[in-house]
Amino acid sequence: MSIPRVLTIAGSAAQGSAGIQADLKTFEERDVYGMSVITAIVANHSKTEKGIFTNSLEAIEAQFYASYEHVGFDALKTGMLFTKDIIERVSQLIRESGVQHVVVDPVMIGKMGSQLLKDDAIDTMVNSLFPLAAVITPNLHEAIRLTGKTNMNTVEDMKEAAKELYELGPSYILVKGGTLKEGAIDVLYDGNDFIEFRSERIDTIHTSGAGCSYSAAIASELAKGKNMIEAVAEAKTFVTYAIKHALSFNRGIGSTYHGAMRKYRNHDS
Ligand code: PXL
């Protein structure tokens with residue numbers, strides 16, 4: 001039996017809602033074969049100050065080759081890359097592999113406030129990684145950081161940002177307006193046209209892992225051979241279910257629920 005294969009290169013989120021854990025859960029739900037390269041371990045709790053533990057470049061490279069040589073992949077996504085050196089090495093590995101379906105989620109700050117990308121790594125992400133991307137998926141905060149714009153409150157602002165980001169080399173830009181006042185509207189730009197993906201605004205604070213799962217779902221659909229518009233549409237539906245049926249646990253911001261679309265698609269109106 002053959003199955004589309006997808007690799008995530010991202011951080012481990014111990015609490016299970018975001019990062020590698022969200023990606024692998026998403027891959028399973030989207031019925032693709034998931035693999036991982038762990039760049040760093042994020043484990044924040046009240047007893048630690050330093051909740052981020054970085055992997056060596058050697059460990060990152062070894063994981064990449066294990067996935068690439070033993071299995072191979074049809075698509076990959078990147079999430080938390082943390083440092084300049086990791087981004088440079090990961091970009092080099094992606095180039096070497098020749099994989100076309102590269103989804104770059106420019107993760108910067110976690111829902112709990114952890115800094116997941118160092119300030120001095122942004123330029124490297126833009127210069128080394130963005131040109132390799134089929135799509136980048138910034139949220140409003142990330143779009144502001146990447147463009148230097150001060151306003152990102154409307155769909156028009158998002159379209160302006162998408163035009164600017166397109167010049168950095170990705171084939172598509174997806175600006176995610178999940179926190180937009182008008183509703184959860186995302187804008188996809190291919191250098192010519194804009195497509196808006198709209199969904200209802202869901203009133204919950206339990207959205208940890210939403211961005212990770214969205215980009216993992218896009219990579220999964222691209223691996224199946226869908227085009228970018230179809231892939232984003234399907235992934236948006238998937239993540240909207242996951243937010244609508246979010247899980248709240250002991251404390252803090254809870255998790256998007258990856259099994260929600262499978263479980264509820266025939267029940268929700
Ligand atoms: O949701 C962003 C994110 C990405 N990657 C890792 C994280 C988080 C948020 O906590 O921990 C590893």
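The backbone N or O of I60 sits nowhere less than 3.5 Å from a side-chain atom of N55 that would complete a donor-acceptor pair. A donor-acceptor contact shorter than 3.5 Å links the side chain of R5 to the backbone of V71. Of the possible donor and acceptor atoms, one in the side chain of T39 sits under 3.5 Å from a partner among the backbone N and O of A10. Between the side chain of S255 and the backbone N or O of G16 there is no donor-acceptor pair closer than 3.5 Å. Between the side chain of T256 and the main chain of S208, a donor-acceptor pair closer than 3.5 Å is present. Not one N or O on the side chain of N151 forms a donor-acceptor pair closer than 3.5 Å with the backbone of N153.
Checked for salt-bridge contact, E221 and K224 meet the test: a charged N lies under 4.0 Å from a carboxylate O. Using a 4.0 Å cut-off between charged nitrogen and carboxylate oxygen, D119 and R145 count as a salt-bridge pair. Ion pairing between K159 and E196 holds under the 4.0 Å rule for side-chain N and carboxylate O. By the 4.0 Å N-to-carboxylate-O rule, D186 lies too far from K176 to be salt-bridged with it.
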task = Show your working on side-chain contact (heavy atoms from CB on, under 4.5 Å) between E88 and T124 and close with a plain yes or no.
result = CA-CA 7 Å; E88 264 165 17; T124 311; 3.7 Å; yes

query = K77 and C212: side-chain contact (heavy atoms from CB on, under 4.5 Å), yes or no, with the steps?
reply = CA-CA 9 Å; K77 70 151 278 187; C212 306; 4.0 Å; yes

ask   = What do the steps show when you test E142 against D105 for side-chain contact (heavy atoms from CB on, under 4.5 Å), and what is the final call?
value = CA-CA 10 Å; E142 289 152 359; D105 184 3; 4.3 Å; yes

query = Step by step, would you call K149 with D157 a salt bridge (charged side-chain N to carboxylate O under 4.0 Å, His left out)?
reply = CA-CA 9 Å; K149 287 184 183 301; D157 293 339; over 6 Å; no

message = As a quick check of understanding, evaluate side-chain contact (heavy atoms from CB on, under 4.5 Å) for E61 and L93, giving each step before the final call.
response = CA-CA 8 Å; E61 191 171 276; L93 291 166; 4.0 Å; yes

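Defined by atom type and a distance below 3.5 Å, a donor-acceptor pair is missing between the side-chain atoms of T154 and E156. Side-chain atoms of S91 and S128 include no donor-acceptor pair closer than 3.5 Å.
The structure places OG of S17 at 8.0 Å from NE2 of H258, a figure rounded to the nearest 0.5 Å. Here the straight-line distance linking atom OG of S67 with atom CE of M35 works out to 4.0 Å at 0.5 Å rounding. With rounding to the nearest 0.5 Å, the separation of NZ in K84 from CG in L117 is 12.0 Å. Between atom CD1 of residue I202 and atom OG1 of residue T207 there is a gap of 10.0 Å, rounded to the nearest 0.5 Å. With values rounded to the nearest 0.5 angstrom, I243 atom CD1 is found 9.5 Å from R201 atom CZ. Note that CG of L132 is 11.0 Å distant from CZ of F130, once rounded to the nearest 0.5 Å.
Ring geometry for Y264 against H245 counts as parallel: the plane angle stays under 30°, on a 0 to 90° scale with 60° as the upper cut. Note: Y65 and Y68 have tilted aromatic rings, judged against thresholds of 30 and 60 degrees for the angle between ring planes.
Residues I218 and Y241 do not share a hydrophobic cluster, clusters being chains of Ile/Leu/Val/Met/Phe/Trp/Tyr side chains in contact below 4.5 Å. V107 and V239 are not part of a single hydrophobic cluster, where members link through side-chain heavy atoms under 4.5 Å apart. Linking Ile, Leu, Val, Met, Phe, Trp and Tyr whenever their side-chain heavy atoms come within less than 4.5 Å puts I229 and Y214 in one cluster.
Between L81 and M125 the shortest side-chain heavy-atom distance does not fall below 4.5 Å. With a 4.5 Å cut-off on side-chain heavy atoms, D85 and R89 do not count as touching. Taking 4.5 Å as the limit, some side-chain heavy atom of K163 sits within range of a side-chain heavy atom of F194. Between V37 and L76, the closest side-chain pair of non-hydrogen atoms is not below 4.5 Å. Between M152 and T147, some side-chain heavy-atom pair lies under the 4.5 Å cut-off. Looking at heavy atoms from C-beta onward, L180 lies in side-chain contact with L140 at the 4.5 angstrom threshold. Looking at heavy atoms from C-beta onward, V104 lies out of side-chain contact with P170 at the 4.5 angstrom threshold. In this structure, I94 and L129 have side chains that are in contact, with non-hydrogen atoms separated by less than 4.5 Å.
Between F82 and F53, a ring centre-to-centre spacing not shorter than 6.0 Å is recorded.
The environment of CG in D31 is sparse: at most 12 heavy-atom neighbours from other residues, nucleotides or ligands sit within 6.0 Å. For K226, the NZ atom is densely surrounded, since the number of other residues' heavy atoms within 6.0 Å is greater than 12. Counting heavy atoms of neighbouring residues, nucleotides and ligands inside a 6.0 Å radius, atom CD of E234 exceeds 12 of them.
With sequence neighbours left out, Y257 forms a ring pair (Phe, Tyr, Trp, His ring centres under 6.0 Å) with no residue at all. Contacts of Q63 classified as side chain to side chain donor-acceptor pair (under 3.5 Å), with partners at least two apart in sequence or in another chain: none.
Shortest non-hydrogen contact noted between A22 and S213 is CB-OG, 3.8 Å. For the residue pair A219 and V6, the shortest heavy atom distance occurs at CB-CG1, 3.9 Å.
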